[in-house]
Amino acid sequence: MERYADIVLPLAQPAYTYAVADGLDVEEGQAVAVQFGARRIYTGIVWRIHGRRPDFPRIKTVSRVLYDRPLLDARQRALWEWMADYYLCTLGEVMRFALPQTIKPSGNSEQEFADREYRPRTELYAALDASLHDEERFHDLMERLSRRAPRQYAALLAIASAEGGDRISTGEVPRRLLEADAATLAALQKKGLVTLTRRERSVERGCVRFQLPTLTPAQQSCLDTIRGHFDAGRRTVLLHGITGSGKTELYIHLIAEALVRGGDVLLLVPEIAITAQLIARLERIFGSRVTAYHSKLTLARRTESYLRLTRSDGGELVVGARSALFLPLRHLQLIVVDEEHDTGYKQTDAQPRYNARDVAVVMARLREARTVLGSATPSLESYANALGGKYGLATLDERYGDARPPLVLVSDTLRAVKRNERKTHFNRLLLDKLADVLARGEQAMLFQNRRGFAPYVECRACGWTARCPRCNVTLTYHKRDHRLQCHYCGHVETVPVRCPACRAGEVTPAGFGTEKVEEELARLFPAARIERLDRDTATSERAYRAIIDRFESGQSDLLVGTQMITKGFDFARVSLVGILNADNLLFAPDFRAAERAFQLMTQVAGRAGRRDAAGEVVIQTTEPEHPVIRQVAAGDYEAMARTQLAERRAFAYPPYARLIRLTLRQRDRDLLYRASAALAVALRGRFGRRAMGPVAPPVDRIREEYITEFLLKIESGASASRAREVLREVLRQTLGAKEFQTVTLSCDVDPQ
DNA sequence: AGCACGCCGACT
DNA sequence: GTCGGCGTGCTC
């Protein structure tokens, strides 16, 4: 019977059907090289093999299979399919991000393709010839060689002793463990004394005895709670552990349990948190079972890890960023998502716009594995799932050791202005505290969540910002027509001439970034050594490391930065943390603003926690009574969650509804607007008021393309898969029209 | 994503 | 009169 294969190519296209050459040994999930178009050769994934002849005029043939086993098993394929369906993209787009680049070469000719194919690193292995296993003969030989050929003598001795001390070796010894040069080994081979084999390097997986950290009673009981949830059949557990409570120790115990049972474990961490220190710590405990997988590794390394894992038989610990989700862990038992609230888990710049935390939960369900989501400040989505009983909840609210929570002071910026106690962006309280810190020879960190200009309007005197009357968001300043617009409902108003709050100040599109703060600090404290940490100064891993190292070793006194300063470092001498303007966190044009503000301020505040004395945190704001400020000061996550969840429910935002954002782009503005109008009509016909838009985003022209956005709200209870189905249909019907074929559409499911 | 086909400006 | 710009449509 004729065989055909539906093949997924790394394109935003559905699968293409090729004929399978007679007698070609190929199975689903395997990678193949196929010609596409006139001369291009792509790596494709065989998705399905069947006997139905497609009615295309020209059917090309798959003739070459890559690798000796499938890159994807059935469960991985099921996950890709789930992703393509859920995130409204093609399997090809999943393929582009799920497989490391060099595992799927492409080229403009057979030759070019072949040149780009992955070749495993090989290594020379040396073994003594069987004739030398006779001890007497070996000693005779060695005696002769020791005088006449000292290098050959040394090489043989090294091979013989590499395994089993002074006994005569029977196994192969990798060249890198020998000090012998190639010529010496070649000479020995020629004499028939040694056999040399070149082959793929094998990773030795020595047995290690895991040295697990001892747990405090609080940690132990939390671990028991997690186990209890799993035993009761819960797939997912949210571990809510405050800063410094030692969540990592719990992870280590859970990881060890899974590894001991022969299972694989995936530890997901935000990209920036994958440091040499974390890897080193895990390697100290789990030895060679640890595989790091993230963007800083070379392409060859990532491919090597991927291929190695396809033939592993369990007991693997992969530590990686979001793309590690796609590794072929065939015995997956546990996924740990650390800092599960971190926005870095969401891919925002390209399709598929997936959230690795959510995909992890789904994958664990498909694979009958378990997931632990850990955070000091869980996302409201996860927390609501825990409250609703969908996830188990384990809480760890005791700090490790004697560490005390920081003392949070709220400084009222409006009052400071009235009393003439504000210099540029600093209130008196913060200035005094900074002066004290410097006088005591301690360190301080200053947090400002902005680098450049500010896309909103602010009163120059009191810091008031304009907000939408219908949505709980800040209005976005539109430079083009000097008006204020709500990013969510489309509401528009003019910029007030005078500040409605203090009646004194002038309202201008303003704001300030870290650079300005650094400059002002230098003027206010000329003797202090100041450093700045943001995307502008931390241009590379090394530059980043250098700034951190100088601060850690006391070569700088003040560190100004964006959220980069919040990530996982423990600076022993930091006794003060200043948050310069909490308002732009609280009133960001985003329904998650309050949640984010709480998370960010709590994380920053956590940097001030020292081992011996409690650190201090100063929050500057014009709204000292804002519930989120009070909740941060009290360290009361539950209160924040309660109020925010109530608001989300009232406004039908996640987790009480799902959002899908549609973005249309086109160079011709009129054409774009016509397409947007047509889509608006069609969407409202099917979704009614749940479809909002079109809205012009704050930046409504990028790279000569105009942009409009729609937001679709699907309330919980409604079938999300049905909604996606209807949406796909609407999109196909409206944007599929000839007139609009050149309008580019992108979908973002669960946008950040 | 790439690449060929095709219709309008600046050049030997 | 051609070379080449990139808009448009197609690739199993």
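Numbers restart at 1 for each chain; the letters A, B, ... are given by sequence-line order, proteins then strands.
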If you assign each of A38(A) and R96(A) to its closest nucleotide in DNA chain B, which residue comes earlier from the 5' end? R96(A)

Measure the distance from CD on Q35(A) to C1' on dG2(B) and round it to the nearest whole Å. 13 Å

If I take atom CG from residue L679(A) and atom CG from residue L664(A), how far apart are they, to the nearest 0.5 angstrom? 5.5 Å

Nearest whole angstrom, please: distance from the P of dG2(B) to the CD of E112(A). 11 Å

Under 6.0 Å from the six-membered ring centre of Y653(A) and within 45° of its axis: does the NZ or CZ of K713(A) meet both? yes

Can you tell me the distance, in whole Å, between the CZ atom of F113(A) and the P atom of dG2(B)? 14 Å

Those residues that, when tested against R658(A), pass side chain to side chain donor-acceptor pair (under 3.5 Å) (two or more places apart): Y86(A)

Establish, with yes or no, whether the OP1 or OP2 oxygen of dA1(B) is under 4.0 angstrom from a side-chain nitrogen or oxygen of R40(A). no

Output the distance between atom CD (Q76(A)) and atom CG (L327(A)), rounded to the nearest 0.5 Å. 8.5 Å

With the side chain of T742(A) defined as its heavy atoms from C-beta on, choose the nearest nucleotide among dA4(B), dC12(C), dT8(C). dT8(C)

Rounded to whole Å, OH of Y16(A) lies from P of dC10(C) at a distance of 11 Å

Interatomic distance where CZ belongs to R39(A) and C1' belongs to dC3(B) [whole Å]: 8 Å

Separation of dA1(B) atom C1' from K104(A) atom NZ, nearest Å, is 12 Å

When all nucleic acid strands are considered with a 4.0 Å heavy-atom cut-off, which category describes F56(A): base, sugar-phosphate, or nothing? base

By nearest atom, which of the nucleotides dC12(C), dG9(C), dC3(B) is closest to the Q741(A) side chain? dG9(C)

Between atom CD1 in I59(A) and atom P in dC10(C), what is the gap in whole Å? 19 Å

Atom-to-atom span, CD of Q666(A) to P of dG7(C) - whole angstrom: 11 Å

